[in-house]
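These notes concern the structure reproduced below.
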Number of protein chains: 2
Amino acid sequence: MDELDWKLLSLLQDNARMTYTELARQIHLSVPAATERVKRLEDAGIIEGYVAKVNAVAAGYAVSALIAITVPQPAKVKFLKLLDTIPQILECHHVTGADSYIIRLVAVSMASLERLIEQINLYGETRTSIVMSTPLPPRALKQPPASK
Amino acid sequence: MDELDWKLLSLLQDNARMTYTELARQIHLSVPAATERVKRLEDAGIIEGYVAKVNAVAAGYAVSALIAITVPQPAKVKFLKLLDTIPQILECHHVTGADSYIIRLVAVSMASLERLIEQINLYGETRTSIVMSTPLPPRALKQPPASK
DNA sequence: GCTGAAACGTCGGAGCT
DNA sequence: AGCTCCGACGTTTCAGC
(Lines give C-alpha, C1' and ligand atoms only; values in the text may rest on other atoms or scores of the structure.)
Protein backbone atom coordinates (compact mmCIF):
# COMPACT_ATOMS: atom_id res chain seq x y z
CA MET A 1 0.00 0.00 0.00
CA ASP A 2 2.15 2.87 -1.24
CA GLU A 3 1.21 6.32 -2.51
CA LEU A 4 0.36 4.98 -5.97
CA ASP A 5 -2.08 2.43 -4.56
CA TRP A 6 -3.85 5.20 -2.65
CA LYS A 7 -3.96 7.31 -5.81
CA LEU A 8 -5.59 4.39 -7.63
CA LEU A 9 -8.12 3.95 -4.80
CA SER A 10 -8.89 7.64 -4.95
CA LEU A 11 -9.43 7.58 -8.72
CA LEU A 12 -11.59 4.44 -8.64
CA GLN A 13 -13.68 5.72 -5.73
CA ASP A 14 -14.32 8.79 -7.83
CA ASN A 15 -15.07 6.97 -11.08
CA ALA A 16 -15.21 3.19 -10.99
CA ARG A 17 -15.60 2.99 -14.77
CA MET A 18 -12.32 4.74 -15.54
CA THR A 19 -10.35 2.70 -18.09
CA TYR A 20 -7.04 1.09 -17.15
CA THR A 21 -5.43 3.22 -19.84
CA GLU A 22 -6.61 6.40 -18.13
CA LEU A 23 -5.69 5.09 -14.65
CA ALA A 24 -2.18 4.28 -15.90
CA ARG A 25 -1.83 7.78 -17.38
CA GLN A 26 -2.85 9.42 -14.08
CA ILE A 27 -0.32 7.51 -11.98
CA HIS A 28 2.41 7.67 -14.65
CA LEU A 29 2.81 3.94 -15.05
CA SER A 30 2.32 1.56 -17.96
CA VAL A 31 -1.09 -0.04 -18.48
CA PRO A 32 -0.07 -3.57 -17.36
CA ALA A 33 1.59 -2.18 -14.23
CA ALA A 34 -1.52 -0.23 -13.27
CA THR A 35 -3.77 -3.20 -14.07
CA GLU A 36 -1.61 -5.46 -11.91
CA ARG A 37 -1.86 -3.06 -8.95
CA VAL A 38 -5.64 -2.87 -9.20
CA LYS A 39 -5.86 -6.68 -9.35
CA ARG A 40 -3.72 -6.91 -6.21
CA LEU A 41 -5.97 -4.42 -4.39
CA GLU A 42 -8.97 -6.55 -5.37
CA ASP A 43 -7.32 -9.82 -4.33
CA ALA A 44 -6.26 -8.32 -0.99
CA GLY A 45 -9.91 -7.44 -0.31
CA ILE A 46 -9.10 -3.74 -0.16
CA ILE A 47 -11.33 -3.11 -3.16
CA GLU A 48 -14.54 -5.01 -2.36
CA GLY A 49 -16.32 -4.23 -5.60
CA TYR A 50 -17.54 -1.57 -7.98
CA VAL A 51 -21.06 -0.19 -7.68
CA ALA A 52 -23.28 2.27 -9.52
CA LYS A 53 -24.76 4.86 -7.15
CA VAL A 54 -28.50 5.14 -7.76
CA ASN A 55 -30.45 8.22 -6.66
CA ALA A 56 -33.28 6.85 -4.53
CA VAL A 57 -35.62 9.80 -5.11
CA ALA A 58 -35.10 9.73 -8.89
CA ALA A 59 -35.74 5.99 -8.81
CA GLY A 60 -39.12 6.47 -7.14
CA TYR A 61 -38.25 6.08 -3.45
CA ALA A 62 -39.46 9.35 -1.93
CA VAL A 63 -38.36 8.58 1.64
CA SER A 64 -35.06 7.47 3.18
CA ALA A 65 -34.80 6.73 6.88
CA LEU A 66 -32.41 5.50 9.52
CA ILE A 67 -33.92 3.30 12.21
CA ALA A 68 -32.30 2.35 15.51
CA ILE A 69 -33.69 -0.70 17.26
CA THR A 70 -33.02 -2.68 20.42
CA VAL A 71 -33.60 -6.40 19.90
CA PRO A 72 -33.48 -8.93 22.76
CA GLN A 73 -30.66 -11.45 22.23
CA PRO A 74 -32.88 -14.51 21.56
CA ALA A 75 -34.81 -12.74 18.79
CA LYS A 76 -31.79 -11.55 16.84
CA VAL A 77 -31.52 -14.43 14.38
CA LYS A 78 -35.19 -14.24 13.42
CA PHE A 79 -34.93 -10.46 13.19
CA LEU A 80 -32.06 -10.65 10.69
CA LYS A 81 -33.98 -13.21 8.65
CA LEU A 82 -36.88 -10.77 8.43
CA LEU A 83 -34.60 -7.95 7.27
CA ASP A 84 -33.28 -10.22 4.55
CA THR A 85 -36.75 -10.56 3.06
CA ILE A 86 -37.43 -6.80 2.87
CA PRO A 87 -35.68 -5.35 -0.18
CA GLN A 88 -36.23 -1.75 0.94
CA ILE A 89 -33.72 -2.35 3.76
CA LEU A 90 -30.40 -1.33 2.24
CA GLU A 91 -27.99 -1.62 5.14
CA CYS A 92 -27.88 -2.93 8.70
CA HIS A 93 -25.12 -2.46 11.26
CA HIS A 94 -24.76 -4.23 14.61
CA VAL A 95 -23.59 -1.56 17.02
CA THR A 96 -22.53 -0.87 20.59
CA GLY A 97 -24.51 1.48 22.81
CA ALA A 98 -28.19 1.69 23.68
CA ASP A 99 -29.33 0.26 20.35
CA SER A 100 -28.65 -3.20 18.91
CA TYR A 101 -28.91 -2.32 15.23
CA ILE A 102 -28.97 0.70 13.00
CA ILE A 103 -30.76 0.20 9.70
CA ARG A 104 -30.92 2.30 6.55
CA LEU A 105 -33.98 1.87 4.36
CA VAL A 106 -36.02 3.52 1.62
CA ALA A 107 -39.78 3.66 0.93
CA VAL A 108 -41.94 4.89 -1.92
CA SER A 109 -44.17 6.85 0.48
CA MET A 110 -44.80 7.64 4.12
CA ALA A 111 -47.57 5.03 4.13
CA SER A 112 -45.11 2.45 2.89
CA LEU A 113 -42.56 3.51 5.51
CA GLU A 114 -45.18 3.08 8.20
CA ARG A 115 -45.90 -0.47 7.04
CA LEU A 116 -42.19 -1.31 7.04
CA ILE A 117 -41.72 0.04 10.57
CA GLU A 118 -44.72 -1.96 11.77
CA GLN A 119 -42.99 -5.14 10.60
CA ILE A 120 -39.65 -4.18 12.11
CA ASN A 121 -40.79 -3.18 15.56
CA LEU A 122 -42.37 -6.52 16.21
CA TYR A 123 -38.82 -7.30 17.36
CA GLY A 124 -38.09 -4.32 19.57
CA GLU A 125 -38.59 -0.64 20.23
CA THR A 126 -37.56 1.51 17.24
CA ARG A 127 -36.40 5.09 16.90
CA THR A 128 -36.91 6.41 13.36
CA SER A 129 -34.98 9.32 11.85
CA ILE A 130 -36.18 10.41 8.43
CA VAL A 131 -33.44 11.80 6.21
CA MET A 132 -34.32 15.36 5.17
CA SER A 133 -31.07 16.07 3.35
CA THR A 134 -27.52 14.86 3.09
CA PRO A 135 -25.27 17.91 3.60
CA LEU A 136 -22.12 15.79 3.30
CA PRO A 137 -22.59 13.32 0.44
CA PRO A 138 -20.78 9.95 0.81
CA ARG A 139 -17.07 10.59 0.56
CA ALA A 140 -14.04 8.57 -0.52
CA LEU A 141 -11.73 6.85 1.95
CA LYS A 142 -8.39 8.65 2.02
CA GLN A 143 -4.93 7.55 3.10
CA PRO A 144 -4.78 7.67 6.92
CA PRO A 145 -2.39 10.38 8.17
CA ALA A 146 0.98 8.79 8.92
CA SER A 147 1.34 10.18 12.43
CA LYS A 148 -1.90 9.09 14.07
CA MET B 1 -38.06 3.36 -16.57
CA ASP B 2 -39.14 -0.06 -17.78
CA GLU B 3 -38.06 -3.55 -16.77
CA LEU B 4 -34.92 -3.35 -18.88
CA ASP B 5 -33.79 -0.12 -17.22
CA TRP B 6 -34.17 -1.78 -13.82
CA LYS B 7 -32.22 -4.78 -15.03
CA LEU B 8 -29.41 -2.45 -16.13
CA LEU B 9 -29.47 -0.70 -12.74
CA SER B 10 -29.29 -4.05 -11.02
CA LEU B 11 -26.33 -5.19 -13.12
CA LEU B 12 -24.42 -1.92 -12.69
CA GLN B 13 -25.08 -1.83 -8.94
CA ASP B 14 -23.58 -5.29 -8.80
CA ASN B 15 -20.58 -4.59 -11.02
CA ALA B 16 -20.05 -1.02 -12.17
CA ARG B 17 -17.13 -2.03 -14.40
CA MET B 18 -19.21 -4.39 -16.56
CA THR B 19 -18.65 -3.62 -20.26
CA TYR B 20 -21.47 -2.35 -22.47
CA THR B 21 -21.08 -5.50 -24.55
CA GLU B 22 -21.76 -7.70 -21.51
CA LEU B 23 -24.62 -5.45 -20.33
CA ALA B 24 -26.21 -5.68 -23.77
CA ARG B 25 -25.87 -9.46 -23.76
CA GLN B 26 -27.59 -9.73 -20.36
CA ILE B 27 -30.61 -7.66 -21.35
CA HIS B 28 -30.80 -9.15 -24.86
CA LEU B 29 -30.39 -5.87 -26.71
CA SER B 30 -27.80 -4.51 -29.11
CA VAL B 31 -24.77 -2.69 -27.73
CA PRO B 32 -25.80 0.81 -28.96
CA ALA B 33 -29.29 0.30 -27.53
CA ALA B 34 -27.92 -0.70 -24.13
CA THR B 35 -25.38 2.14 -24.18
CA GLU B 36 -28.10 4.63 -25.03
CA ARG B 37 -30.22 3.45 -22.10
CA VAL B 38 -27.35 3.76 -19.64
CA LYS B 39 -26.57 7.27 -20.91
CA ARG B 40 -30.19 8.25 -20.39
CA LEU B 41 -30.17 6.87 -16.83
CA GLU B 42 -27.06 8.97 -16.17
CA ASP B 43 -28.51 12.11 -17.75
CA ALA B 44 -31.74 11.71 -15.79
CA GLY B 45 -29.71 11.66 -12.56
CA ILE B 46 -30.89 8.15 -11.73
CA ILE B 47 -27.32 6.90 -11.93
CA GLU B 48 -25.33 9.41 -9.88
CA GLY B 49 -21.93 7.87 -10.49
CA TYR B 50 -19.79 4.77 -10.23
CA VAL B 51 -17.65 4.11 -7.16
CA ALA B 52 -15.18 1.50 -5.95
CA LYS B 53 -16.12 0.10 -2.54
CA VAL B 54 -13.07 0.12 -0.26
CA ASN B 55 -12.90 -2.11 2.82
CA ALA B 56 -12.14 0.29 5.68
CA VAL B 57 -10.48 -2.33 7.90
CA ALA B 58 -8.27 -3.64 5.09
CA ALA B 59 -7.31 -0.05 4.31
CA GLY B 60 -6.11 0.55 7.87
CA TYR B 61 -9.19 2.05 9.53
CA ALA B 62 -9.83 -0.30 12.46
CA VAL B 63 -12.97 1.47 13.73
CA SER B 64 -16.21 2.57 12.07
CA ALA B 65 -18.83 4.47 14.01
CA LEU B 66 -22.19 6.17 13.67
CA ILE B 67 -22.65 9.34 15.68
CA ALA B 68 -25.92 11.12 16.37
CA ILE B 69 -25.70 14.74 17.42
CA THR B 70 -28.06 17.57 18.33
CA VAL B 71 -26.76 20.93 17.14
CA PRO B 72 -28.44 24.24 18.05
CA GLN B 73 -29.72 26.00 14.92
CA PRO B 74 -27.24 28.95 15.01
CA ALA B 75 -24.22 26.62 15.15
CA LYS B 76 -25.21 24.43 12.20
CA VAL B 77 -23.30 26.25 9.47
CA LYS B 78 -20.06 26.25 11.46
CA PHE B 79 -20.62 22.62 12.39
CA LEU B 80 -20.93 21.56 8.74
CA LYS B 81 -17.80 23.52 7.90
CA LEU B 82 -15.93 21.58 10.58
CA LEU B 83 -17.16 18.24 9.20
CA ASP B 84 -15.90 19.25 5.78
CA THR B 85 -12.35 19.55 7.11
CA ILE B 86 -12.28 16.08 8.72
CA PRO B 87 -11.63 13.45 6.03
CA GLN B 88 -12.53 10.55 8.34
CA ILE B 89 -16.15 11.72 8.21
CA LEU B 90 -17.62 9.80 5.30
CA GLU B 91 -21.29 10.71 5.41
CA CYS B 92 -23.64 13.11 7.17
CA HIS B 93 -27.44 13.16 7.09
CA HIS B 94 -29.75 15.88 8.38
CA VAL B 95 -32.61 14.03 10.05
CA THR B 96 -35.92 14.44 11.84
CA GLY B 97 -36.35 13.30 15.43
CA ALA B 98 -34.36 13.92 18.58
CA ASP B 99 -31.05 14.29 16.74
CA SER B 100 -30.07 16.93 14.20
CA TYR B 101 -27.49 14.91 12.30
CA ILE B 102 -26.34 11.33 11.93
CA ILE B 103 -22.73 10.93 10.86
CA ARG B 104 -20.73 7.93 9.66
CA LEU B 105 -17.00 8.02 10.22
CA VAL B 106 -13.89 5.85 10.41
CA ALA B 107 -10.77 6.01 12.59
CA VAL B 108 -7.46 4.18 12.66
CA SER B 109 -7.78 3.50 16.40
CA MET B 110 -9.94 4.09 19.44
CA ALA B 111 -7.61 6.90 20.46
CA SER B 112 -8.15 8.54 17.10
CA LEU B 113 -11.92 8.08 17.39
CA GLU B 114 -11.83 9.76 20.78
CA ARG B 115 -10.00 12.78 19.34
CA LEU B 116 -12.54 13.04 16.49
CA ILE B 117 -15.48 12.90 18.90
CA GLU B 118 -13.89 15.60 21.05
CA GLN B 119 -13.85 17.91 18.04
CA ILE B 120 -17.41 17.07 17.03
CA ASN B 121 -19.12 17.46 20.39
CA LEU B 122 -17.96 21.01 20.76
CA TYR B 123 -21.17 21.64 18.81
CA GLY B 124 -23.63 19.52 20.76
CA GLU B 125 -24.25 16.38 22.74
CA THR B 126 -23.25 13.22 20.84
CA ARG B 127 -24.35 9.60 21.03
CA THR B 128 -21.73 7.27 19.54
CA SER B 129 -22.49 3.77 18.22
CA ILE B 130 -19.43 1.76 17.22
CA VAL B 131 -20.07 -0.67 14.37
CA MET B 132 -19.22 -4.21 15.51
CA SER B 133 -20.37 -5.95 12.35
CA THR B 134 -22.57 -5.40 9.32
CA PRO B 135 -24.95 -8.38 9.14
CA LEU B 136 -26.67 -6.95 6.06
CA PRO B 137 -24.03 -5.55 3.72
CA PRO B 138 -25.09 -2.55 1.58
CA ARG B 139 -27.65 -3.75 -0.94
CA ALA B 140 -28.78 -2.66 -4.39
CA LEU B 141 -31.90 -0.57 -4.97
CA LYS B 142 -34.58 -2.70 -6.61
CA GLN B 143 -37.65 -1.83 -8.65
CA PRO B 144 -40.40 -0.68 -6.25
CA PRO B 145 -43.30 -3.14 -6.14
CA ALA B 146 -46.01 -1.93 -8.53
CA SER B 147 -48.85 -2.20 -6.02
CA LYS B 148 -47.58 -0.16 -3.08
C1' DG C 1 7.50 -2.88 -14.44
C1' DC C 2 7.93 -2.28 -19.73
C1' DT C 3 6.97 -3.35 -24.81
C1' DG C 4 4.35 -5.17 -28.79
C1' DA C 5 0.69 -7.56 -31.17
C1' DA C 6 -3.76 -9.85 -31.32
C1' DA C 7 -8.49 -9.98 -29.42
C1' DC C 8 -11.97 -7.46 -27.71
C1' DG C 9 -14.86 -3.41 -26.64
C1' DT C 10 -16.43 1.30 -27.74
C1' DC C 11 -18.32 5.03 -30.46
C1' DG C 12 -20.02 7.27 -34.40
C1' DG C 13 -22.78 7.50 -38.75
C1' DA C 14 -25.99 5.56 -42.24
C1' DG C 15 -29.97 2.86 -42.95
C1' DC C 16 -33.87 -0.06 -41.34
C1' DT C 17 -38.41 -1.32 -38.80
C1' DA D 1 -38.09 7.06 -31.87
C1' DG D 2 -35.69 3.27 -31.14
C1' DC D 3 -33.07 -0.42 -33.01
C1' DT D 4 -29.39 -2.71 -36.01
C1' DC D 5 -25.26 -2.99 -38.81
C1' DC D 6 -20.62 -1.70 -39.82
C1' DG D 7 -16.06 0.49 -39.78
C1' DA D 8 -12.46 3.25 -37.28
C1' DC D 9 -10.49 3.81 -33.10
C1' DG D 10 -9.28 2.90 -28.24
C1' DT D 11 -8.66 -0.57 -24.65
C1' DT D 12 -7.43 -4.94 -22.66
C1' DT D 13 -4.77 -9.02 -22.38
C1' DC D 14 -0.92 -11.99 -22.73
C1' DA D 15 3.54 -13.19 -24.25
C1' DG D 16 8.38 -12.39 -23.59
C1' DC D 17 11.88 -9.48 -21.57
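In what follows, every chain begins at residue 1, and chains take the letters A, B, ... in the order their sequences are listed. It should be emphasised that the depicted structure is a prediction, and the values quoted were computed from it without experimental measurement. The basis for the numbers below is simple: all heavy atoms, side chains too, and nothing from hydrogens, waters or symmetry mates.
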Whole-Å gap separating [atom2] ([N]) and [atom1] ([X]):
{"X": "B:K39", "N": "D:dG2", "atom1": "NZ", "atom2": "P", "result": "16 Å"}
{"X": "A:E22", "N": "D:dT12", "atom1": "CD", "atom2": "P", "result": "10 Å"}
{"X": "B:D2", "N": "D:dG2", "atom1": "CG", "atom2": "P", "result": "11 Å"}
{"X": "A:L23", "N": "D:dG10", "atom1": "CG", "atom2": "P", "result": "18 Å"}

Within residues 5-18 of chain A, those residues having any heavy atom closer than 4.0 Å to DNA chain C are none
Where the side chain of [X] is defined as all heavy atoms beyond and including C-beta, which of [options] is the nearest nucleotide?
{"X": "B:T35", "options": "D:dT11, C:dC11, D:dC3", "result": "C:dC11"}
{"X": "B:A33", "options": "D:dC3, C:dG9, C:dC2", "result": "D:dC3"}
{"X": "A:Y20", "options": "D:dT13, D:dC3, C:dG1", "result": "D:dT13"}
{"X": "A:T21", "options": "D:dT4, D:dT11, C:dC2", "result": "D:dT11"}
{"X": "B:R40", "options": "C:dT10, C:dC2, D:dG2", "result": "D:dG2"}
{"X": "B:P32", "options": "C:dC11, C:dG12, D:dT12", "result": "C:dG12"}
{"X": "A:L29", "options": "D:dC3, D:dT11, C:dC2", "result": "C:dC2"}

Pairwise distance CZ(B:R127) to CG(B:L66) - rounded to 0.5 angstrom:
10.5 Å
Atom pair CD (A:E91) and CZ (A:R104), whose distance is rounded to the nearest 0.5 Å:
4.5 Å
Under 4.0 angstrom, heavy atoms only, what part of the nucleic acid is A:R25 near: base, sugar-phosphate, or nothing?
nothing
Regarding B:V31, tell me which of base, sugar-phosphate or nothing describes its non-hydrogen contacts under 4.0 Å with the strands shown.
nothing
Given B:V38, which partner from the list B:L9, B:L8, B:D43 fulfils the side-chain contact (heavy atoms from CB on, under 4.5 Å) test?
B:L8
If you count the non-hydrogen atoms of other residues, nucleotides and ligands that lie under 6.0 Å from CD in B:E114, is the total more than 12?
no
For B:K78, look at atom NZ and say whether over 12 heavy atoms of other residues, nucleotides or ligands are found less than 6.0 Å away.
no
Between B:K39 and B:E36, does the salt bridge (charged side-chain N to carboxylate O under 4.0 Å, His left out) criterion hold? Intermediate values first, please.
CA-CA 5 Å; B:K39 289 276 178 296; B:E36 186 56 37; over 6 Å; no
Counting C-beta onward and ignoring hydrogens, is there a side-chain heavy-atom pair between B:L23 and B:T35 closer than 4.5 Å?
no
Could you check whether any side-chain N or O of A:R17 sits under 3.5 Å from a backbone N or O of A:Y50, counting only pairs where one atom can act as donor and the other as acceptor?
no
Check whether A:S100 reaches the backbone of A:V71 with its side chain - one donor and one acceptor, N or O, closer than 3.5 Å.
yes
Contact under 4.0 Å: B:R37 side-chain N or O vs D:dC3 OP1/OP2:
yes
So if I take the C1' atoms of five pairs at each end of the helix from C:dG1-D:dC17 to C:dT17-D:dA1 and get each local axis, what angle do the two axes make, rounded to 10 degrees?
40°
